[in-house]
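Have a look at the structure below before the remarks.
Just so we're clear, the structure is a prediction, and the values are computed from it rather than from any experiment. Sequence lines set the chain letters: A, B, ... in the order given, protein chains first and strands last, and positions in each chain run from 1.
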There are 2 protein chains.
Amino acid sequence: MLIIPTKTFFNLAMKKQERIIAAAVDEFSQRRFEEAKLSNIIKASIIPRGSFYQYFQNKKDLYLYVFKIIKSKKLEYLKDLLTNEQEIPFLDLFKLLYAQGIKFSIDHPEYVEIFRLFISGKGQLYRELMGDGLKLTHQHYVTYIEIDKEKGFIRPEIDSNILANLVINLTTNIAIEEFSSEEINYDELLKKIDSLINIFKKGVE
Amino acid sequence: MLIIPTKTFFNLAMKKQERIIAAAVDEFSQRRFEEAKLSNIIKASIIPRGSFYQYFQNKKDLYLYVFKIIKSKKLEYLKDLLTNEQEIPFLDLFKLLYAQGIKFSIDHPEYVEIFRLFISGKGQLYRELMGDGLKLTHQHYVTYIEIDKEKGFIRPEIDSNILANLVINLTTNIAIEEFSSEEINYDELLKKIDSLINIFKKGVE
DNA sequence: ACCTCCTATGACGACCTTGTCACTTATAGA
DNA sequence: TCTATAAGTGACAAGGTCGTCATAGGAGGT
């Protein structure tokens, strides 16, 4: 999955590179990959069609590059948590991850939109890029959950797989549904998350 | 949102009508509306291009008709529950709805696939067809939850909106993720649902 | 046999997309 | 100033889409 914009692309003036990427982000956040129009990107970044093909092999190449940028930006938000050095209980760790995810959404709504379109596509690209990524995350979570069970933080009857699924589903779906469109207040969001996590912790009854 | 295949369509021999719908279901379950190709449907149902436009105004018309069929079939599975005459507690009602939803998924995987593509599209069509449908469901659920709170089935501190969201998210997403691809055992599924509902009821701690 | 109404048919126009290619311009070093 | 290398350029081919239209076919009534 090597992503190679041409050497030519990197030789370009920074402003030009940025203009192209910005145009691509704009287009890809409005239309999923298959429907996104290179013509729009070209128009918006004011480069001739021919030039584009000197920077990237094709539309997909550009998409992958944009995706790579997004991925690394998101990682910056999560990297401290992902190691879980302090062995935080699973649900608390999840709360933090969730909160960081939301922070990311607020800072970069277009990126989130691209990701949302990507996720919901479930097309060939999805399988290509995500591969077993989600399965790994799932396994990861299951491990944390099992550890929590041993420590007595989580009841042993709970099905680890189902809980992990639930939680993954939350991050990929609810976060977006709930928080992307309307005007957003970070502190209020944190309260919502608390509320949500509490449902999981104590149950509703 | 009137859907009108032509009178001509209904005059057609039943077999022919079914052939066309089957081809449409097949195509629309593989590609979302925008990407679905009329050419494929025409090829698969072995009718000339010109004929198609005597049965339906256009691609969208056909899609709407297919969608209408799916909707009514799904309603058959849920109709007894939706009235909630016996005033079943919310989470138990939800369990039943969920189970019926899964039964539907098993019986009509192609329909589910069409619906999944539709949901994930979030395009213009989505807004047109769903309108405030989901918001109504949400409000519906919130009402049930509040009733349960009064009855003491649900703790009053629980945020009704968040719980309703969570539950809606489950029906539209997890059911599909979890249960569509692999070989399926209905009884085992029911156990899984129980397990899931129990997380909500009792919490994980 | 004729006339009317409904259905069948596929070539075609209009449109749009991606990627190519032959050609031009600019830059930088000798 | 000359030359080599890099970047700029847009018309165009190839391929695909949807929806139309002019014409053909068939069934039934008079």
Side-chain angles (χ1 to χ4, degrees), chain A residues 3-67 117 121 123-125 128, chain B residues 3-21 23-24 26-67 117 121 123-125 128:
Chain A
I3 299 166
I4 324 132
T6 332
K7 205 179 114 196
T8 309
F9 176 75
F10 292 113
N11 288 342
L12 254 38
M14 233 357 183
K15 279 220 165 183
K16 198 167 194 174
Q17 291 184 36
E18 281 163 7
R19 221 172 58 219
I20 294 170
I21 298 304
V25 164
D26 191 52
E27 177 70 7
F28 288 135
S29 67
Q30 290 182 56
R31 281 172 265 277
R32 87 193 77 251
F33 173 72
E34 294 85 353
E35 289 160 16
K37 294 167 194 175
L38 205 49
S39 322
N40 287 343
I41 297 172
I42 286 165
K43 230 178 284 166
S45 53
I46 323 179
I47 56 169
R49 195 167 194 81
S51 290
F52 174 82
Y53 286 92
Q54 259 171 333
Y55 310 149
F56 297 91
Q57 275 198 307
N58 48 36
K59 189 170 87 163
K60 186 169 166 185
D61 215 37
L62 172 62
Y63 187 83
L64 291 176
Y65 184 59
V66 167
F67 203 84
L117 289 173
Q124 193 200 338
L125 248 184
E128 247 177 77
Chain B
I3 299 166
I4 326 133
T6 330
K7 206 178 111 198
T8 308
F9 176 75
F10 291 113
N11 287 342
L12 255 38
M14 236 352 184
K15 279 221 164 182
K16 198 168 193 175
Q17 290 184 36
E18 281 162 7
R19 221 171 59 217
I20 294 169
I21 298 305
D26 191 52
E27 178 70 7
F28 288 135
S29 67
Q30 290 183 55
R31 280 171 265 277
R32 86 194 78 249
F33 173 73
E34 295 85 354
E35 289 161 16
K37 295 166 192 174
L38 205 48
S39 323
N40 288 342
I41 297 173
I42 286 165
K43 229 178 285 166
S45 53
I46 324 180
I47 55 170
R49 196 167 193 81
S51 290
F52 174 82
Y53 285 92
Q54 261 172 332
Y55 310 149
F56 297 90
Q57 276 199 306
N58 49 36
K59 187 171 89 167
K60 186 170 167 184
D61 216 37
L62 171 62
Y63 187 83
L64 291 176
Y65 184 59
V66 167
F67 203 84
L117 289 172
Q124 192 199 341
L125 249 184
E128 246 177 77

Under 3.5 Å, which N/O atoms of the protein pair with N/O atoms of nucleotides 23-27 of chain C?
none

Per-nucleotide pairing state of DNA chain C [Watson-Crick or G-U, under 3.5 Å; [ ] pseudoknot-crossing; | other strand]:
||||||||||||||||||||||||||||||
Between B/N11 and C/dC6, is there a contact of a side-chain N or O with OP1 or OP2 at under 4.0 Å?
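The answer is no; no side-chain N or O of B/N11 sits under 4.0 Å from OP1 or OP2.
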Output all residues satisfying ring-ring contact (aromatic ring centres under 6.0 Å, His included) with A/F52, sequence neighbours left out; order by chain, then residue number.
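Checked A/F52 against ring-ring contact (aromatic ring centres under 6.0 Å, His included); matches are A/F56.
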Using atom [atom1] of [X] as one end and atom [atom2] of [N] as the other, report the distance to the nearest whole Å.
X     : N      : atom1 : atom2 : result
B/L62 : D/dC18 : CG    : P     : 11 Å
A/F9  : D/dG8  : CZ    : C1'   : 16 Å
B/E27 : D/dT17 : CD    : C1'   : 12 Å
A/E34 : D/dG16 : CD    : C1'   : 16 Å

Distances for protein N/O vs nucleotides 25-27 of chain D N/O pairs under 3.5 angstrom?
none

Not counting sequence neighbours, which residues clear side-chain contact (heavy atoms from CB on, under 4.5 Å) with B/Q17? List them please.
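Residues passing side-chain contact (heavy atoms from CB on, under 4.5 Å) with B/Q17: B/F9, B/F10, B/L12, B/M14.
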With sequence neighbours excluded, tell me which residues meet side-chain contact (heavy atoms from CB on, under 4.5 Å) with A/Q54.
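For A/Q54 there are no side-chain contact (heavy atoms from CB on, under 4.5 Å) partners, ignoring immediate neighbours.
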Mind checking what makes salt bridge (charged side-chain N to carboxylate O under 4.0 Å, His left out) contact with B/E35, not counting sequence neighbours?
B/R32
A/K59 charged N/C atom sitting above A/F33 aromatic ring, 6.0 Å / 45°:
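That pair qualifies as a cation-pi contact.
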Contact between B/L62 and B/Y55 at the side-chain level, heavy atoms closer than 4.5 Å - yes or no?
no
In B/S/- notation (B base, S sugar-phosphate only, - none; protein heavy atoms under 4.0 Å), nucleotides 8-21 of chain C written 5' to 3' is BBBB-----SBBBB
Under 3.5 Å donor-acceptor pairs involving side-chain atoms of residues 37-50 of chain B, not counting sequence neighbours:
residue	atom	partner	partner atom	Å
B/N40	ND2	B/E27	OE1	3.2
B/N40	ND2	B/E27	OE2	3.2
B/S45	OG	B/I41	O	2.6

